[in-house]
Amino acid sequence: MKRRLSFLSATLLLASMLATPSYAEANKTTATSQSSKSNQSIQAIATDPSLLNGFRVKETNSATVYVVMDGKKRGIVSADVYFKLFNSWDGIREYPSLSSIPDGQVIGENAQLIRFQSSATVYLLDEENGRVVKRGITSASVFNKYNFDWNKIMVLADSLKNAFPDGSLLDK
């Protein structure tokens with residue numbers, strides 16, 4: 001595991017050194033931000049947690065922010081990681097309890113929005129089954145549904161595309 005992390009650290013360091021200083025300009029639109037507090041019951045929606053995909057949520061009186069992906073709430077490990085993906089705290093929905101949404105794997109330190117020089121496809125670097133993968137984001141509307149920040153996309157050299165295996169698509 002440590003060897004894999006060392007390889008990943010070296011790869012990310014190399015990627016950051018080779019990254020083009022430009023950011024994705026195509027498909028920039030502003031996602032509608034949601035009210036930061038909501039008194040509506042999450043129970044009705046939680047019968048199908050995938051309906052919450054893209055929501056950033058937290059429990060009232062808790063500092064932990066989650067993003068719902070693949071019908072599961074995924075805790076974001078730190079503010080630094082949060083701001084690799086999102087622009088502000090605006091739009092986080094508060095609920096008295098999130099217990100009706102299944103827990104998913106945390107969004108860890110390796111999370112990053114990336115694309116490669118010769119491609120418009122944006123990926124979320126994420127972890128699946130104990131390894132870092134690139135999850136293709138299937139459209140601008142999915143990107144905006146999650147309220148990701150277009151200015152946080154790191155552009156990498158095409159030669160690094162195979163450094164990260166493909167993961168499941170982020171398509172809803």
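Quantities reported herein were computed from a predicted structural model and do not represent experimental measurements. Basis for what follows: all heavy atoms, side chains included, without hydrogens, waters or symmetry-related copies.
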Subject >> Distance-minimising heavy-atom pair for Pro49 and Ile101 >> reply: CB-CG2, 4.3 Å
**OP:** Under the side-chain hydrogen bond (donor to acceptor under 3.5 Å, both in side chains) rule, collect the residues that match up with Ser141, sequence neighbours excluded.
**Re:** Ser139
Original post:
Once you round to the nearest 0.5 Å, how far does CG of Leu98 lie from CG of Leu52?
Top reply: 9.0 Å
**OP:** Kindly indicate, with the supporting measurements, whether the criterion side chain to side chain contact (heavy atoms under 4.5 Å, CB included) is fulfilled by Lys84 and Leu113.
**Re:** CA-CA 7 Å; Lys84 285 183 187 180; Leu113 296 167; over 6 Å; no
Original post:
Do Phe148 and Leu170 come within less than 4.5 Å of each other through their side chains, counting heavy atoms only?
Top reply: yes
Subject >> Sequence neighbours excluded - ring pair (Phe, Tyr, Trp, His ring centres under 6.0 Å) pairs with any residue from residues 118-139 >> reply: Phe116-Tyr123
Subject >> salt bridge (Lys or Arg N to Asp or Glu O under 4.0 Å) partners for Asp126, two or more places apart >> reply: Arg74, Arg135
**OP:** Grab the two heavy atoms, one from Asn147 and one from Arg56, that are nearest each other, plus how far apart they are.
**Re:** ND2-NH2, 2.7 Å
Subject >> With Thr138 via side-chain contact (heavy atoms from CB on, under 4.5 Å) - residues at least two apart >> reply: Val142, Leu169, Asp171
Original post:
Which residues pass the side-chain contact (heavy atoms from CB on, under 4.5 Å) test with Asn87, sequence neighbours left out?
Top reply: Asp149
Original post:
Which heavy-atom pair separates Lys152 from Phe83 by the least distance, and what is that distance?
Top reply: NZ-O, 2.8 Å
Subject >> Exercise: identify the closest heavy-atom pair between Gln105 and Asn129 >> reply: OE1-N, 4.4 Å
Subject >> Side chain Glu94, main chain Thr60, donor-acceptor under 3.5 Å >> reply: no
Original post:
Can you list every salt bridge (Lys or Arg N to Asp or Glu O under 4.0 Å) pair that touches residues 160-170, not counting sequence neighbours?
Top reply: Lys134-Asp166
Original post:
By side-chain contact (heavy atoms from CB on, under 4.5 Å), which residues pair with Ser119, not counting sequence neighbours?
Top reply: Thr121
Original post:
Do you know the tightest heavy-atom contact between Gln112 and Met154?
Top reply: NE2-CB, 4.1 Å
Original post:
For Tyr82, what residues pass the ring pair (Phe, Tyr, Trp, His ring centres under 6.0 Å) criterion, not counting sequence neighbours?
Top reply: Phe86, Trp89
**OP:** Give the minimum heavy-atom separation between Val68 and Val57, together with the two atoms involved.
**Re:** CG2-CG2, 4.1 Å
Original post:
Is there side-chain contact between Leu85 and Tyr146, with heavy atoms separated by less than 4.5 Å?
Top reply: no
Original post:
Checking side chain to side chain contact (heavy atoms under 4.5 Å, CB included) against Ile114, which of Leu125, Ile153, Leu124 comes through?
Top reply: Leu125
Original post:
Is the side chain of Glu128 donor-acceptor paired with the backbone N or O of Ser168 at a distance under 3.5 Å, no angle test?
Top reply: yes
**OP:** Would you please name every residue forming a side-chain hydrogen bond (donor to acceptor under 3.5 Å, both in side chains) with Lys72, sequence neighbours left out?
**Re:** none
Original post:
Partners of Val77 by side-chain contact (heavy atoms from CB on, under 4.5 Å), sequence neighbours excluded?
Top reply: Val81, Val106, Glu109
**OP:** With sequence neighbours excluded, tell me which residues meet side-chain hydrogen bond (donor to acceptor under 3.5 Å, both in side chains) with Asp103.
**Re:** Lys73
**OP:** Under the side-chain hydrogen bond (donor to acceptor under 3.5 Å, both in side chains) rule, collect the residues that match up with Asp158, sequence neighbours excluded.
**Re:** Ser118
**OP:** Could you please spell out the steps behind the side chain to side chain contact (heavy atoms under 4.5 Å, CB included) verdict for Ile107 and Met69?
**Re:** CA-CA 10 Å; Ile107 306 276; Met69 277 184 190; 4.2 Å; yes
**OP:** For side chain to side chain contact (heavy atoms under 4.5 Å, CB included), just list the numbers for Phe164 and Leu156, CA-CA rounded to whole Å, side-chain angles, deciding distance to a tenth of an Å, and then say yes or no.
**Re:** CA-CA 12 Å; Phe164 307 103; Leu156 304 179; 4.2 Å; yes
